[in-house]
Asks: 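I have a structure here, written as structure tokens, and I will follow up with some questions on it.
Per chain, numbering begins at 1; letters A, B, ... match sequence-line order. Just the heavy atoms: all of them, side chains too, but no hydrogens, waters or symmetry mates, feed the values below.
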Protein chains: 2
Amino acid sequence: MSEVEQAGDTRDRAAGRAGKAPSTEESQRVFEALRNAVLDQRLPPGLQLKEQALADAFGVNRAVVRQALARLEIYRLVTHAPNRGVFVAHPSAAEGRDLFTARRYIEAAIVELAVERLTEADIARLRALARQERQAYEAQDVRRALRLSVDFHLQLADAVGNTVLASFLDEIVTRMPLVVLAHRRESPPTCMLDDHERILDAIAAGDASRARALMIEHVGHLEGRVSLDRGAQEGDSGIARLLGLEGGGP
Amino acid sequence: MSEVEQAGDTRDRAAGRAGKAPSTEESQRVFEALRNAVLDQRLPPGLQLKEQALADAFGVNRAVVRQALARLEIYRLVTHAPNRGVFVAHPSAAEGRDLFTARRYIEAAIVELAVERLTEADIARLRALARQERQAYEAQDVRRALRLSVDFHLQLADAVGNTVLASFLDEIVTRMPLVVLAHRRESPPTCMLDDHERILDAIAAGDASRARALMIEHVGHLEGRVSLDRGAQEGDSGIARLLGLEGGGP
DNA sequence: GACTACATGATTGTCAACAATTTAAAGCGC
DNA sequence: GCGCTTTAAATTGTTGACAATCATGTAGTC
């Protein structure tokens, strides 16, 4: 298995944690495909997902697609307008803020538990992952780096062993890409090349409060990449964004 | 159904937070009915939920029931065995521990935010709720008290205003009754008559760390009502419990 | 008597056709 | 040309029937 499949592997395991449900197996396949598309930011917010088109594309029945879409809706990845169809979600700024706030608490809890529960093997594995990620960044392969970054967070949660917290984090990171797409700012990314490795250092050293502080700071770096200012572009239907009319201050 | 509908009001609002999805409206109804049944501990873990029977009972199509069951599965309220059916979930001791651990972190986060964000009106409303709950306890109406207790936690999360954390707490408290059913211990309930009111006092006083400590202690009281000892009855199929053969030490 | 093989009944999974609703466009009067 | 009504296409929502799978009970054999 090459590197791409390797990343895909961990992602499927992560998906398995949040939405274990092997429902009908077919709908599971469709669900994960769409979910991965969201994670890779291939689906623009607001896009309509038509049942028949998806059924044809996946070679399945409309009922199967319907079930997959229903699950996507529960994870807030799509919104369902009765009698009109389902559309890729367009999270509001408020929703984005809530997600980041929740993420800070969840990730803080995870690193706190990580200090107690992680084995040497876990740390070694995560270190390798973080190294791969930094190499990808240095090689300008942003796509792969982003993927590895997500995998790092999910695998850390996985290693801690709390299935509930892991599923919560999984839901959060799955919804994040849509927030980024909807509220991206063109400012340069804040320095966060070795955030993950420094967090691992603190965990390995058994320094819970430092690990916690570093993780919260790290989430802050991520949040810096989007603009979720209160009242900025609240409640618009997205047409302004689609036409590139955003960014104008009040 | 007088009482049921009464409590159903606040409960439905809580459900609306977690699973907004008005999918087909019909399946929403079925979903909430089953969810409320779990919350009231009317469904014994392990019970099979047959599609046709539910469809007849609710006067809807099997497809509608199917959709509702799929959502219940995502919330881990039921487990789905392919080609065999869905059964009321039977959470393991490990799952119960994970739920309580996660709950401590989530509730701690909520009270921390509550100190900053709650208005006087919020606190007054919650105080009234807590008082009702204590009166119910004193009147020996355990059922109603339990219901009001759940409502207190959900409404507190609601008042804080973070939809993500609120939905996480909602999922946790919804799954709790099954844990209690599966791992109840007959020990007397620890004193927690005025836990909620004391937490409110700390919040009103702006004492975040005290509110946090009280909430964590409160969750500890709740956890004391079940026995989730490691390795106690791990992985059994539930037959021992059904026959009343549990409780024998190793 | 215990175990295996088989037949039966029940339940879930899949599917295509039909009905209801909405969106878009064409037609028409002003 | 503009606005309203009517018509048509496209899409979602619903229903029932059919196929696949599994549990149960029965007969047969060692």
Side-chain angles (χ1 to χ4, degrees), chain A residues 16 19-34 43-90 237-239 242-243, chain B residues 19-34 37 43-90 237-239 242-243:
Chain A
K20 170 76 165 308
S23 280
T24 69
E25 225 164 297
E26 288 286 67
S27 91
Q28 176 76 2
R29 212 185 79 225
V30 177
F31 170 79
E32 286 182 6
L34 290 172
L43 298 181
L47 178 71
Q48 180 171 12
L49 300 176
K50 300 176 187 174
E51 296 180 355
Q52 191 60 55
L54 290 175
D56 294 344
F58 286 101
V60 298
N61 194 283
R62 248 185 69 208
V64 175
V65 172
R66 217 170 157 69
Q67 206 166 344
L69 291 177
R71 291 183 52 194
L72 286 170
E73 186 192 8
I74 295 179
Y75 287 111
R76 297 279 204 282
L77 265 37
V78 301
T79 60
H80 176 104
N83 286 320
R84 294 196 37 210
V86 311
F87 303 81
V88 177
H90 200 307
S237 62
I239 183 63
L242 288 173
L243 297 175
Chain B
K20 169 79 163 307
S23 278
T24 69
E25 222 161 300
E26 288 287 69
S27 93
Q28 176 77 1
R29 212 186 79 225
V30 177
F31 170 79
E32 286 181 6
L34 290 172
L43 298 181
L47 178 71
Q48 180 170 12
L49 300 176
K50 300 175 188 175
E51 296 181 355
Q52 192 59 54
L54 290 175
D56 294 344
F58 285 100
V60 297
N61 195 284
R62 249 184 67 207
V64 176
V65 172
R66 220 172 155 67
Q67 206 167 344
L69 291 178
R71 290 183 56 192
L72 287 170
E73 187 191 8
I74 294 181
Y75 288 112
R76 298 280 203 282
L77 265 35
V78 301
T79 60
H80 177 104
N83 286 320
R84 294 196 37 209
V86 310
F87 303 81
V88 177
H90 199 306
S237 62
I239 182 62
L242 287 173
L243 297 175

Asks: Without decimals, in angstroms, what is the distance between A/Gln52 CD and C/dT22 P?
Replies: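 Atom-to-atom, A/Gln52 to C/dT22, this comes out as 21 Å.
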Asks: Decide yes or no for A/Gln52 and A/Asp56: does some side-chain heavy atom of the first lie under 4.5 Å from some side-chain heavy atom of the second?
Replies: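 Yes, their side chains come closer than 4.5 Å.
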Asks: Can you see if the side chain of B/Arg66 gets near the phosphate of C/dT12 - specifically, an N or O under 4.0 Å from OP1 or OP2?
Replies: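 The answer is no; no side-chain N or O of B/Arg66 sits under 4.0 Å from OP1 or OP2.
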Asks: Starting from C1' on D/dT12, measure out to CD on A/Gln67 and report it in whole angstrom.
Replies: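 So the two atoms are 17 Å apart, to the nearest Å.
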Asks: Would you mind reading off the distance between B/Phe58 atom CZ and D/dT15 atom C1', rounded to a whole angstrom?
Replies: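 B/Phe58 atom CZ is separated from D/dT15 atom C1' by 19 Å.
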Asks: Measure the spacing between NE2 of A/His80 and CG of A/Leu49 and express it to the nearest 0.5 Å.
Replies: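 It is 12.0 Å, given to the nearest 0.5 Å.
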Asks: Does the side chain of B/Val30 come within less than 4.5 Å of B/Val60's, by heavy atoms?
Replies: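 The answer is yes, as the side chains (C-beta and beyond) meet within the 4.5 Å cut-off.
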Asks: CZ of A/Phe87 versus C1' of D/dT11: gap in Å, rounded?
Replies: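 Going from A/Phe87 (CZ) to D/dT11 (C1'), I get 10 Å.
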Asks: Between atom CG in A/Leu54 and atom P in D/dT12, what is the gap in whole Å?
Replies: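 Going from A/Leu54 (CG) to D/dT12 (P), I get 9 Å.
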Asks: Let me confirm one number: the CD-CD1 distance from B/Glu73 to A/Ile74, rounded to the nearest 0.5 Å.
Replies: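 If we round to the nearest 0.5 Å, B/Glu73:CD and A/Ile74:CD1 are 10.0 Å apart.
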Asks: Output the rounded distance in Å from CG (B/Asn61) to P (C/dC15).
Replies: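 Nearest whole value for this atom pair: 17 Å.
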Asks: Examine distances only and state if a side-chain atom of B/Arg29 and a backbone atom of B/Phe58 form a donor-acceptor pair shorter than 3.5 Å.
Replies: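 Side chain of B/Arg29 to backbone of B/Phe58, a donor-acceptor pair under 3.5 Å: yes, one is there.
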Asks: Between N or O atoms, less than 3.5 Å apart, protein on one side and nucleotides 19-25 of chain D on the other: list the pairs.
Replies:
residue : atom : partner : partner atom : Å
D/dT21  : O3'  : B/Asn83 : ND2          : 3.4
D/dA23  : OP1  : B/Arg84 : NE           : 2.8

Asks: Does D/dT11 have its OP1 or OP2 closer than 4.0 Å to a side-chain nitrogen or oxygen of A/His80?
Replies: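 The answer is no; no side-chain N or O of A/His80 sits under 4.0 Å from OP1 or OP2.
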Asks: Rounded to the nearest 0.5 Å, what separates atom CG in B/Leu77 from atom CZ in B/Phe31?
Replies: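 B/Leu77 atom CG to B/Phe31 atom CZ measures 7.0 Å (nearest 0.5 Å).
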Asks: So, taking the atom named CG in A/Leu69 and the one named CD in B/Gln67, what distance separates them when rounded to the nearest 0.5 Å?
Replies: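 Here the interatomic distance stands at 10.0 Å.
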Asks: How would you label the contact of A/Leu69 with the nucleic acid (heavy atoms, under 4.0 Å): base, sugar-phosphate, or nothing?
Replies: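 The residue A/Leu69 makes no contact with any strand.
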Asks: Take the protein atom CZ of A/Arg62 and the nucleotide atom P of D/dT12, then report the distance between them rounded to whole Å.
Replies: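 For the pair A/Arg62 CZ and D/dT12 P, the rounded distance is 7 Å.
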Asks: Would you work out how much the helix from C/dG1-D/dC30 to C/dC30-D/dG1 bends between its ends, with each end axis defined by five base pairs, to 10 degrees?
Replies: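 Nearest ten degrees gives 10° for this helix.
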Asks: Could you tell me whether the side chain of B/Val86 reaches within less than 4.5 Å of the side chain of B/Leu72, counting heavy atoms only?
Replies: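 A side-chain contact under 4.5 Å is absent here.
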Asks: Given atom CD of B/Glu51 and atom P of C/dT14, what is their separation to the nearest angstrom?
Replies: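 Taking CD of B/Glu51 and P of C/dT14, I get 11 Å after rounding.
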Asks: Please round to the nearest 0.5 Å and tell me the distance separating atom CG of B/Asn61 and atom CZ of B/Arg66.
Replies: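 That separation rounds to 11.0 Å.
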